[in-house]
Undergrad: 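Please read through the structure below; I'll follow up with questions.
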Amino acid sequence: MTVQELPGAAAYRPTPPPAWKPITDPAPLLPDPEPYRVLGTEAVADLDPELLLRLHAELVRGRRYNAQATALTKQGRLAVYPSSTGQEACEIAAALVLEKRDWLFPSYRDTLAAVARGLDPVEALTLLRGDRHTGYDPREHRVAPLCTPLATQLPHAVGLAHAARLKGDDVVALAMVGDGGTSEGDFHEALNFAAVWKAPVVFFVQNNGFAISVPLAKQTAAPSLAHKAVGYGMPGRLVDGNDAAAVHQVLGEAVARARRGEGPTLVEAVTYRMDAHTNADDATRYRGDSEVEVWRAHDPVRLMERELTGRGLLDDEGIEQAREAAERMAAALRDRMNADPVLEPMDLFAHVYAEQTVQLREQEALLRAELDAEQEHHEQSAEAGR
């Protein structure tokens, strides 16, 4: 029995307020059935050649950065490194579409995006080498701390963007997340609030096929992750995540839309994680080499070089120049990471609380006394040896 069938219901038919009725036409919000592409199509002719060349240079640099960071884990200079090899087009495009005043909210795999935005490569790796804090000043660089808990950076991005809008600041937040993060409650909460508030946020999902070892099909039955946007009342866009030009264009449109006050967009980039989840993962346990090889044929660096050389915008000399610049970056990163950091033991007690607790002060005093005693012992030993 419905409410209208109850006795006396006919006499009580209140008119709901306008806000009661949600958007009923989902068509404008639905993503295209296939990922959007630019490279290899006529659409690339409309793009700025300088932008394409910069994307290429950054892709080559990003590939070398990933390789060098992975090598540093094997040398014991990094505790862990989640490689974004194969996903460089997503990382680079996310950094380049933002204005200086905008904010980037990366996940733990998005170190390259932070570097492409201008962050010092060593500072970007500081957290992953087990050093304190984030290694950089988020406010200075407009890059939030690399976020290891899945999707918790998304509500933060919404909060910052909503606050900026209330203040009248022309700021957009771009929040990056993996396909695994879309299964978290934070993902739902962030998208729901962002759509209701029309917050200037772009949610950028890098669908690389696996949440560690869990394939996407075991996470969701949705036609695509971009389709999830419809349930929140925002547009969903589906893009080829290995096509740097396409990702840059789609993200650029979403950022411009957010800046105009038209609300958030969910962008899903279909890409592939060529390396293991981290250096601690054995990817052969859940995927075969043949699958990886198929994706190597759709490599983002190779796609861009093929397009640029075919159009006469890039030659062998230009390719070599990009590789040499990437090697110089890798050599500098290697040299600086091989230098042991100078640590201050008393920093253990700094920035823990606004006002130190009694226990923390006691621990600080104890450590200071031990260090002073050790220093005195060394000085006495040195004096006795003279």
Side-chain angles (χ1 to χ4, degrees), residues 51 54-55 58 61-62 65 82 84 87-128 131-149 151-178 181 186 190-191 193-194 197-206 244 247-267 269 329 333 351:
L51 170 62
R54 185 181 179 191
L55 286 171
E58 292 289 349
R61 180 171 176 253
Y65 175 84
S84 58
Q87 301 177 217
E88 291 93 348
C90 298
E91 301 282 310
I92 299 305
L96 297 190
V97 297
L98 296 176
E99 300 290 341
K100 187 175 181 179
R101 62 187 180 276
D102 296 329
W103 275 80
L104 179 70
F105 283 79
S107 73
Y108 57 86
R109 196 177 300 281
D110 302 320
T111 316
L112 177 56
V115 172
R117 183 148 167 77
L119 192 63
D120 183 294
V122 173
E123 291 183 353
L125 293 173
T126 296
L127 181 69
L128 299 175
D131 208 337
R132 63 183 186 131
H133 304 305
T134 63
Y136 57 90
D137 181 354
R139 184 181 296 273
E140 176 186 353
H141 299 282
R142 297 295 178 110
V143 177
L146 295 171
C147 190
T148 299
T152 57
Q153 73 274 20
L154 303 187
H156 299 165
V158 176
L160 182 141
H162 182 55
R165 185 170 179 234
L166 292 176
K167 292 170 61 179
D169 294 341
D170 187 21
V171 169
V172 173
L174 192 153
M176 306 179 72
V177 66
D186 299 81
L191 269 69
F193 273 112
W197 289 338
K198 281 198 169 184
V201 186
V202 176
F203 298 101
F204 185 34
V205 179
Q206 294 180 80
V247 179
H248 187 276
Q249 182 176 329
V250 170
L251 287 179
E253 292 170 356
V255 168
R257 179 177 181 275
R259 206 182 302 281
R260 292 194 300 267
E262 297 175 21
T265 303
L266 173 63
V267 177
M329 177 276 302
L333 175 61
H351 312 298

Undergrad: Does atom CZ (Arg260) have a neighbourhood of more than 12 heavy atoms from anything else shown, all under 6.0 Å?
TA: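 Correct, the count exceeds 12.
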Undergrad: If we only count heavy atoms from C-beta on, is the Thr134 to Leu146 side-chain gap below 4.5 Å?
TA: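 They are not in contact (no side-chain heavy atoms under 4.5 Å apart), so the answer is no.
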Undergrad: Do you know which two heavy atoms are closest between Gln153 and Ser107, and how far apart they sit?
TA: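 The answer is NE2-CB, 3.7 Å.
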Undergrad: Could you grab the distance from atom CD of Glu91 to atom CG of Leu112, nearest 0.5 Å is fine?
TA: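 Nearest 0.5 Å value for the CD-CG distance: 5.0 Å.
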Undergrad: At their closest point, which heavy atom of Arg117 faces which heavy atom of Lys100, and how far apart are they?
TA: NH2-O, 3.3 Å
Undergrad: What is the distance from atom CE of Met176 to atom CZ of Phe105, rounded to the nearest 0.5 Å?
TA: 13.0 Å
Undergrad: Treating Gln87 as the side-chain partner and Gln206 as the backbone partner, does any N or O pair qualify as donor plus acceptor under 3.5 Å?
TA: no
Undergrad: If you apply the rule side chain to side chain contact (heavy atoms under 4.5 Å, CB included), what do you find for Tyr65 with Leu125, and how did you get there?
TA: CA-CA 11 Å; Tyr65 175 84; Leu125 293 173; 3.4 Å; yes
Undergrad: Rounded to the nearest 0.5 Å, what's the gap from NE2 on His248 to CD on Glu253? Could you check?
TA: 11.0 Å
Undergrad: Determine, step by step, whether Phe203 and Thr265 satisfy the side chain to side chain contact (heavy atoms under 4.5 Å, CB included) criterion, reporting the C-alpha distance in whole Å, the side-chain angles of both residues, the deciding distance to 0.1 Å, and the verdict.
TA: CA-CA 6 Å; Phe203 298 101; Thr265 303; over 6 Å; no
Undergrad: Between Leu55 and Leu96, does the side chain to side chain contact (heavy atoms under 4.5 Å, CB included) criterion hold? Intermediate values first, please.
TA: CA-CA 9 Å; Leu55 286 171; Leu96 297 190; 3.8 Å; yes
Undergrad: Could you check whether any side-chain N or O of Asp120 sits under 3.5 Å from a backbone N or O of Glu123, counting only pairs where one atom can act as donor and the other as acceptor?
TA: yes
Undergrad: Please confirm whether the backbone N or O of Val171 pairs with a side-chain atom of Asp102, one donor and one acceptor, at under 3.5 Å?
TA: no
Undergrad: Can you name the nearest heavy-atom pair linking Val143 to Ala114, along with the distance?
TA: CG1-CB, 4.1 Å
Undergrad: If you take all heavy atoms of Asp110 and Pro106, which pair is closest and at what distance?
TA: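 Nearest heavy atoms, Asp110 then Pro106: CB-CB, 3.6 Å.
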Undergrad: Indicate yes or no: at least one non-hydrogen side-chain atom of Cys90 is less than 4.5 angstrom from one of Phe204.
TA: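 Contact flag for Cys90/Phe204 side chains = yes.
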Undergrad: Tell me if a side-chain donor or acceptor on Arg257 pairs with a main-chain N or O of Pro264 at a distance below 3.5 Å.
TA: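 Present.
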Undergrad: Might you point out which heavy atoms bring Trp197 and Arg165 nearest each other, and give the distance in Å?
TA: O-NH1, 2.7 Å
Undergrad: Given side chains that start at C-beta, do those of Leu266 and Val205 come closer than 4.5 Å, heavy atoms only?
TA: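 Of all side-chain heavy-atom pairs linking Val205 with Leu266, at least one is under 4.5 Å.
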Undergrad: Heavy-atom count check: over 12 atoms from other residues, nucleotides or ligands less than 6.0 Å from Arg259 CZ?
TA: yes
Undergrad: What are the two closest non-hydrogen atoms of Ala157 and Ala175, and how far apart are they?
TA: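 Looking at all heavy atoms of both residues, the shortest contact is CB-CB, 3.8 Å.
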Undergrad: Carefully, step by step, assess Asp169 and Arg101 under the rule salt bridge (charged side-chain N to carboxylate O under 4.0 Å, His left out).
TA: CA-CA 9 Å; Asp169 294 341; Arg101 62 187 180 276; over 6 Å; no
Undergrad: Mind checking the CZ-CD1 spacing from Arg61 to Ile92? Nearest 0.5 Å is all I need.
TA: 7.5 Å
Undergrad: Side chains of Thr111 and Leu127: does their closest heavy-atom pair fall under 4.5 Å?
TA: no
Undergrad: Parallel, tilted or perpendicular for His141 and Tyr136, by the 30°/60° rule?
TA: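 Perpendicular.
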Undergrad: For the CZ atom of Arg142 and the CG atom of Leu119, what is their distance to the nearest 0.5 Å?
TA: 14.5 Å
